[in-house]
Amino acid sequence: MVAMRMLDRKLLRDLGRLWAQALAVALVMACGVMTLILAMGASRSLEASQSAFYDRYRFASVFAEAVRAPRHLEPRIQSLPGVSAAELRIVKPVIITITGMTEPASGVVVSIPDTGESAVNRLYLRAGRLPGSRVPGEVAVVEAFAAAHGFRPGDRFDVVMNGKARRLSITGIVLSPEFIYAIGPGDMVPDPRRYGILYMSETVLSSAFGMEGAFNDAALTTMRNADTRAVIEGLDGLLAPYGGTGAYGRKDQMSHAFLDSELTQLFAMATIIPPIFLFVSAFLVNMILSRLIALEREQIGLLKAVGYTDLAVGWHYAKLVIVISAVGLAIGCVAGSWLGRGLTRLYGEFFAFPFLIFTHGIDLYAIAATVTVAAALAGASSAIWATVMLPPAVAMRPPSPTQYRSLAGAAVPTNPLFSQLTVMVFRHFLRWPLRSTMTIIGTALSVALLVTALFSFDSIDAMIDTIFFRADRQDATLTFASASGPEAVTRVGDLPGVIRVEPYRSTAVKLKNGRHERRMVIHGLTQQSELSRVLDRDLLPMQPPSSGLVLSERVAALLDLQIGDPVEIELMEFADRKVSVPVTGIAESYVGLAAYMELTALNRLLMEGRRVSGARILVDEDRLDELYAHIKQVPAIASLALQTVSRDRFRETVRQNISYSITIYVTLAIIITFGVIYNSARIQLSERARELASLRVFGFTRAEVSSVLLVELALIVIIAQPLGWLAGYGFAVLMIRGFESDLFRIPLVISQATYATASLVVIGSAVVSALLVRRRVDTLDLIRVLKTRD
Amino acid sequence: MKINAIARPGGSVRAMATDNSTSEPVFRVENLTKIYRTGDVEVRALNGVDMTLYRGEMAVLLGPSGSGKSTLLNIIGGLDQATGGKVWFGDTELTGCSQRELTRYRRDHVGFVFQFYNLIPSLTAWENVALVTEVSRHPMRPEEALAMVGLDHRMSHFPAQMSGGEQQRVAIARAIAKRPDVLLCDEPTGALDSRTGVLVLEALSRVNAELGTTTAIITHNAGIRQIAHRVFSFLDGRMSDCTVNETRVDPAEVKW
Ligand SMILES: Nc1ncnc2c1ncn2[C@@H]1O[C@H](COP(=O)(O)OP(=O)(O)OP(=O)(O)O)[C@@H](O)[C@H]1O
Ligand SMILES: [Mg+2]
């Protein structure tokens with residue numbers, strides 16, 4: 001037993017000697033563990049927060065809107081099989097005016113039962129109380145909106161409801177499971193400053209909107225094993241006569257869909273990135289251990305000769321690997337938990353949760369530990385196996401000198417093209433093809449990681465450029481409270497500062513092709529549209545054809561449609577009347593599911609004469625304030641979306657989020673590069689100390705001697721660059737695919753600057769690790785190296 | 001002192017060093033000491049050594065293990081620095097040279113041969129020699145150097161494809177190819193059997209005779225003393241004895 005302790009002492013000395021290399025490997029492992037814990041931890045915490053909020057506050061699972069349905073439908077809705085509770089509400093758009101804010105804000109006002117207790121989508125009361133049913137001006141507002149304006153209970157603000165200006169007084173600050181992610185019209189990310197959710201009593205709202213005894217919105221919770229599709233169909237049947245636009249489940253509910261896609265992305269991050277790090281660390285462990293065992297060949301032989309079992313010797317080296325993994329694991333767990341909390345908080349700001357539940361799954365740490373140690377031992381296995389198998393007699397004999405091959409056939413001693421130092425570099429590089437390849441792969445992976453992280457800037461920029469400068473070039477979009485005649489357009493044109501008006505009609509539909517079906521909106525655009533344009537697949541503007549339907553690429557793919565195919569349209573606004581129209585064009589669109597028609601063609605299809613849903617306008621910038629002031633007084637206008645503000649908000653939000661992830665990715669890439677390059681340089685140095693010392697003895701300068709090592713590293717780093725770009729492109733494609741949802745599509749754009757930056761960062765960290773190793777070459781102890789045998 | 005200022009000592013003197021007075025000194029060593037300190041322990045590897053080596057001379061250094069032979073050779077070869085005393089190479093004081101100047105000195109003037117050959121495994125015999133000739137001022141061609149050690153037929157072999165004796169001869173060819181002023185050999189036959197050892201000694205003595213290279217050989221084999229002009233004996237960090245061989249013996253006749 002005393003002897004075992006001697007081996008452990010050797011283990012400690014080995015670690016003391018190899019600490020820099022061991023730490024480099026441990027850091028690479030830590031990165032894997034960190035991303036795993038960070039992403040899994042954040043996704044679990046978010047999921048836990050989500051489901052707690054949903055459960056406790058009765059988030060609905062079926063939603064429906066109608067124009068005006070009688071409240072006496074309530075018992076029939078309640079008794080649909082599978083329904084556990086139903087809340088029939090009035091939900092209406094409002095325009096909000098806040099003192100000190102020139103541009104108008106908009107929002108929706110949602111009714112709450114006079115009793116205060118909703119059966120579905122209950123409110124979490126953060127402060128104050130819910131509005132009463134007798135005082136007409138009382139309102140509760142969502143927390144994000146209140147925070148954006150510094151509102152507290154007792155504060156007041158103005159709204160235009162159903163064309164009438166009103167002053168409202170805040171009684172409470174609330175959060176709703178229905179609006180965890182609340183996005184305003186025309187916006188791409190939430191902007192709580194310009195978009196608010198207001199809650200008022202049913203009595204007050206029904207009189208304000210002339211909706212006594214009626215509702216226009218239903219939210220239903222279902223029983224555990226209910227057939228949601230049947231509930232949707234039943235509800236559709238009941239609401240169809242009252243302008244029902246089709247019930248839908250959670251996956252089509254905006255807030256839920258966004259939250260879900262975020263969770264999917266986190267999960268993807270947790271499953272794609274850690275394996276990269278585990279792979280690299282396994283390779284590094286293999287490299288270090290193989291070298292160590294080669295150096296200690298004779299010691300191993302000796303240990304076996306004096307009676308240590310094969311297993312004891314193998315276990316000795318396995319312990320070294322386990323110690324390194326443990327350090328990596330510890331660093332990774334701490335960093336991962338810490339960053340995971342940070343990320344969850346970041347999401348908490350983005351998504352309106354009343355509380356965040358941080359889950360520390362012990363199992364998560366256990367999984368991380370198992371996976372890390374297993375990967376490291378897998379990397380070490382061949383080296384350890386070699387130790388176990390080494391017969392003591394063979395081990396005591398020195399290994400035969402490394403065999404090299406000449407570069408091209410037999411080396412003819414003629415005037416060489418390259419100096420002998422260069423020949424040394426190339427031969428060594430080719431002598432260890434596997435190691436050279438793995439080192440290249442490791443370096444290429446960090447380039448790829450950086451490209452993957454950095455390209456999102458390019459793609460988002462391209463997306464912004466396409467959406468805001470090519471497709472939707474209007475300054476503002478006005479939505480009418482209900483489809484209106486052409487005189488509404490004229491009125492908009494008469495508003496101060498309006499330079500150009502383009503009316504549009506949009507209508508909710510269900511598109512069907514065989515068993516594929518999808519809910520979306522058809523946009524009817526005027527011929528010669530200048531502001532809102534449909535873009536073809538080359539991003540060039542195309543005219544909506546005078547007949548037929550233009551689909552976005554994603555819609556065409558989802559429904560498996562090509563140009564010329566007929567598509568069945570279910571018109572939700574018109575009691576699900578069905579028509580069939582041919583697909584006449586395919587367009588590019590990055591937001592939502594889009595289908596386009598020419599305005600008059602759409603009007604014909606709807607059999608309604610010339611009606612429009614709203615208008616896009618171009619505005620004289622100098623008269624903006626005047627316009628805002630007027631708009632608030634036009635009753636027909638239900639909401640107003642401002643392009644510039646939306647764009648800036650989008651850019652800012654996305655940049656913030658990307659910056660966070662880029663910081664993490666850059667750190668990860670630097671650590672990989674460092675781990676790979678530093679280790680491979682150190683191992684080369686250890687293998688070639690004798691060679692390098694000999695060169696010094698012959699009178700080669702330090703610079704010349706280090707160049708033998710560094711040129712090979714440079715070669716590796718240079719070869720890795722194009723490979724890294726290629727892999728980065730591949731990762732980017734995967735990322736884009738992963739991000740793609742019905743809500744968003746991101747175009748794949750990678751600028752040369754992104755490739756260059758990725759390479760610069762990697763080359764920079766390679767140079768730093770090379771310099772660290774160079775210092776060791778400079779201080780090589782010539783005499784000691786040369787007087788010992790290999 | 002400038003590196004370039006290290007001048008080749010001596011002119012065309014090619015005298016056998018039997019008569020010291022007529023020969024040019026290459027190295028002058030004065031009261032040289034070298035102390036190694038490891039923690040509290042102090043080892044006096046060299047304890048006041050005085051000696052002179054002359055141009056064209058072949059010297060053999062004998063002595064028990066630990067007596068300081070290698071330490072002396074490393075210092076005069078510019079691999080190591082002395083603790084006290086002085087070493088002159090011609091008019092240049094090596095003990096006052098910087099690391100850079102010592103590198104330059106090794107590059108231009110010194111050839112080393114070690115017990116463990118120290119060939120570069122990734123270079124062939126020819127390339128191992130060319131490695132040195134590429135950076136020297138007046139080198140011979142690598143094949144010439146290899147011919148001198150009788151290996152002109154093994155030029156394109158890698159170290160792994162050669163025997164120990166052959167590898168050592170490549171090492172000698174590599175050391176002499178730049179026409180060094182001095183050839184310093186630390187137990188060149190230490191890892192070899194007697195027949196192979198003789199081949200190596202023959203190569204060394206041929207180089208000494210034909211090129212007039214001052215040669216110092218450290219050995220534990222007392223038989224080898226017979227090939228030298230002078231034999232230096234070391235004991236406990238001092239030179240204990242110096243004898244001149246009246247008649248030298250051909251390496252082939254050395255009794256092992
Ligand atoms: N780096 C070192 N640190 C401490 N002591 C050293 C070091 N190198 C040599 N010594 C000591 O200096 C003394 C002289 O060593 P040196 O190598 O010169 O002996 P040597 O005569 O060449 O012996 P051998 O015939 O065994 O090669 C020895 O006692 C040795 O232990
Ligand atoms: Mg010695």
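Letters go in sequence order (proteins before strands), and every chain restarts at 1.
Of the atoms belonging to A/T701, heavy atoms from both backbone and side chain fall under 4.5 Å from chain B. Contacts of A/L695 with chain B are made by side-chain atoms alone, with heavy-atom separations under 4.5 Å and no backbone atom involved. Using a 4.5 Å cut-off between heavy atoms, A/R702 touches chain B through its side chain atoms alone. In this structure, the portion of B/N74 lying under 4.5 Å from any heavy atom of chain A is its side chain and not its backbone. Heavy atoms of B/Q99 lying under 4.5 Å from chain A belong exclusively to its side chain.
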Using distance only, find each side-chain donor-acceptor pair of residues 382-390 of chain A under 3.5 Å and give its atom names and separation, not counting sequence neighbours.
residue	atom	partner	partner atom	Å
A/S382	OG	A/N286	ND2	3.1
A/T387	OG1	A/A383	O	2.8
A/T387	OG1	A/I384	O	3.1

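A/F674 meets the ring-ring contact (aromatic ring centres under 6.0 Å, His included) test with A/Y678; sequence neighbours excluded.
Judged by distance alone, the side chain of B/R174 and the main-chain N or O of B/V129 form no donor-acceptor pair under 3.5 Å. A donor-acceptor pair is defined here as one N or O able to donate and one able to accept, closer than 3.5 Å; no such pair exists between the side chain of B/T133 and the backbone of B/P139.
The environment of A/R776 atom CZ is sparse: at most 12 non-hydrogen atoms of other residues, nucleotides or ligands sit within 6.0 angstrom.
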